[in-house]
Amino acid sequence: MCTLKRFDITCKIISNKEVCTNYFELKIKAGSIAKYCLPGQFFMIGVPGVFLRRPISVYDSKKSVLSFLYKVVGKGTGILSRMRSGQLQILGPLGKGYDLEICKDLNYVAVAGGTGIASLHFLAIKLGKNKPYKKKGTLYYGARSKKDLLCLDKFKEIGWKVVVSTEDGSKGYKGYITDILEKKVKDSDVLFACGPMPMLKKVVQIAKGKKVKGFASLEEKMACGVGNCQGCAVNINGAIKMTCKDGPVFKIEEVNL
Amino acid sequence: MVLCMKPSLAIDFMGIKLKNPVLTASGAFGYGYELADLIPLNKLGAILTKTITLEPKSGNLQPRIAEVSSGLLNSIGLQNIGAKAFIKEPLENLSKVGLPIIVSVAGSCVKEYVQTVEILSAQDTISAIELNLSCPNLKKKIVCHDLPLTQEVIKSVKKVSKVPVIVKLSPLVTDIAELSLCAQNAGANGITLANTYPAMAIDVKTFKYKLSTAKGGLSGACVKPMSVRCVYDAYQNIDIPIVGCGGIETGEDVLEFMLAGARVVSVGSASLVSPKILIKIISEIEKVLKEKNIKDIREVVGMLNTTKNAC
Ligand SMILES: Cc1cc2nc3c(=O)[nH]c(=O)nc-3n(C[C@H](O)[C@H](O)[C@H](O)COP(=O)(O)OP(=O)(O)OC[C@H]3O[C@@H](n4cnc5c(N)ncnc54)[C@H](O)[C@@H]3O)c2cc1C
Ligand SMILES: Cc1cc2nc3c(=O)[nH]c(=O)nc-3n(C[C@H](O)[C@H](O)[C@H](O)COP(=O)(O)O)c2cc1C
Ligand code: FES
């Protein structure tokens, strides 16, 4: 699934609201760009006051509006979260996203940790809109506590089954989401995983052990986002690939985490 | 009414005719053709590729990139596909752009430099070679820090090269003007000043180095004043043209390097962040020249650096 078209342009902020403590939804006016975005792809977003742009996944793209869901973790996302209006420099959509074709025959299962929910949300929307994907998906979503769980209702609205776990037990199962996944996942499922490295490691291990097909979205530090600096190298099936260009979504059976 | 003439940005560089003095910097623009969909590549002065070595190199471990105030650290480790693979598809694609092509070369010994240059300079589509003598990422001592070796590499490469040879130096040397003169005396046709600055950063949250190699190369806006100084000092000591490089983000930055003595410039980190900045820089140069009523960019080269005591 390749990028059809990518842009290096300035866009207007429509809104940038805190959806729950430390998590923000940013909406920008992106004109025709929105229609080129595929689930799993990301943008490099310029934040005034920091040198490098920040990679953020597409959370939704509707008509001419592009949405992102991000967590404030450091300087860049901190500054971004305080911008209420104005303009942003963006580069994208970038990278290779999730392969939707495979969903025609298999039950789709998304595994999200933290803000990994963003790209999976866009995936669920696209699957929901497309005729060939008749089956409903299941979302396995792990977070630290109840307050870190985002957009559950949106998945339910599309008709997805939602299974939740929190580390402190404030909602759903107490523990890691991968513990539940391990018991439930079958080889008639296709996995889509996005989240922090320890979660991805476990998901890859489970998928390989049970011979389940699927995709994992990886994160690496990025400078260019377009394959030019070779900064975001990752080992895929013994070869060095660029997370930004060859990924961020890779086949689970090919990643060695 | 005064007729406002479009200033001429054309400049010749080691005998190569460039439509403007803006080049891509090695390592920040891949093999040179990959962003053709994002910017009109043929508007640039020339394309300088990432460093090519004789054999393919897989580069360093992660993390290879770390952001710092107004710049970045990198320790990519010269990842590239090797000279033989480069002259196939990448060079063919790059040649279609129709710009002068300069290929950066590194090696772990004199022989490797020579063999790589032999392969590359035999290609009709390559206009010049840039010798990367300054990569601070190699674990061994860098070539620039060994004067006899520096001269030996340049002399040996010059014997086999069919095209002009630029020598790219590390700024971290005792006397950049003296080293530039040595490079000129060894036969260099041009000098690039400068490569990245050896530097490091530590993450105090995790008590870990921010780069896998602990140390890396610093580039971006924060290095510009130091690299302008390098150009200024070297210009006073040499006759061959200088490629100014380090932290360029605007047309004004380009002119700053040129006033200090650079004949052309190369842009790295800024174009990593936004490829289209390269095109913007070119139009900004034109604007500044118009404001200053300068008709030809060649007038600017070394304009402020009148103490030149050429050898
Ligand atoms: C392909 C991709 C998609 C992403 N999608 C999202 C998303 O939808 N929502 C979201 O909240 N976050 C997402 N991230 C993570 C996000 O990029 C980082 O949280 C963000 O860059 C942190 O910036 P900062 O300045 O606040 O943090 P700092 O720690 O101050 O950043 C310092 C440097 O490290 C980099 N960095 C820090 N954390 C990460 C990380 N996890 N991944 C990559 N680079 C990092 C920054 O980009 C910056 O260059 C994604 C990362 C990647 C690679
Ligand atoms: C990610 C990255 C990779 C680089 N790779 C190379 C390289 O392969 N060879 C080289 O001579 N210089 C390399 N450089 C140095 C640049 O060409 C340039 O000299 C330096 O970054 C200073 O310019 P800037 O501040 O405009 O980036 C690299 C720089 C960066 C940021
Ligand atoms: S971020 Fe530059 S190659 Fe991936």
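Residue numbering restarts at 1 for every chain, and letters A, B, ... go by the order of the sequence lines.
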Do you know which of Gly49(A), Gly227(A), Cys232(A), Gly225(A) has the most heavy-atom pairs under 4.5 Å to chain B? Cys232(A)
Please determine, among Met44(A), Lys75(A), Arg54(A), the option with the most heavy-atom pairs under 4.5 Å with chain B.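 The residue among Met44(A), Lys75(A), Arg54(A) with the greatest pair count is Arg54(A).
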Decide yes or no for [X] and [Y]: does some side-chain heavy atom of the first lie under 4.5 Å from some side-chain heavy atom of the second?
| X | Y | result |
| --- | --- | --- |
| Ile65(B) | Cys229(A) | yes |
| Glu34(B) | Val226(A) | no |
| Cys222(B) | Phe51(A) | no |

Please check if atom [atom1] in [X] has more than 12 non-hydrogen atoms from other residues, nucleotides or ligands closer than 6.0 Å.
| X | atom1 | result |
| --- | --- | --- |
| Lys19(B) | NZ | yes |
| Glu252(B) | CD | no |
| Lys224(B) | NZ | yes |
| Phe7(A) | CZ | yes |
| Glu18(A) | CD | yes |
| Lys146(A) | NZ | no |

Can you tell me how far [atom2] of [Y] sits from [atom1] of [X], rounded to the nearest 0.5 angstrom?
| X | Y | atom1 | atom2 | answer |
| --- | --- | --- | --- | --- |
| Ile240(A) | Ser58(B) | CD1 | OG | 5.0 Å |
| Leu72(B) | Lys221(A) | CG | NZ | 12.5 Å |
| Leu78(B) | Gln230(A) | CG | CD | 10.5 Å |
| Leu38(B) | Arg6(A) | CG | CZ | 4.5 Å |

Report yes or no: does Gln62(B) contribute a side-chain atom to a donor-acceptor pair with the main-chain N or O of Val234(A) at less than 3.5 Å? no
What residue, out of Ala221(B), Gly59(B), Ser70(B), has the most heavy-atom pairs lying under 4.5 Å from chain A?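 Among the listed options, the one with the most contacts to chain A is Ser70(B).
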Do you know which of Ala28(B), Gly32(B), Ala66(B), Gly71(B) has the most heavy-atom pairs with chain A at a distance under 4.5 angstrom?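 Result: the option with the highest number of such pairs is Gly71(B).
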Per-residue contact mode, Leu91(A) against chain B (heavy atom under 4.5 angstrom): side chain
Applying a strict 4.5 Å limit to non-hydrogen atoms, the region of Leu61(B) in contact with chain A is neither
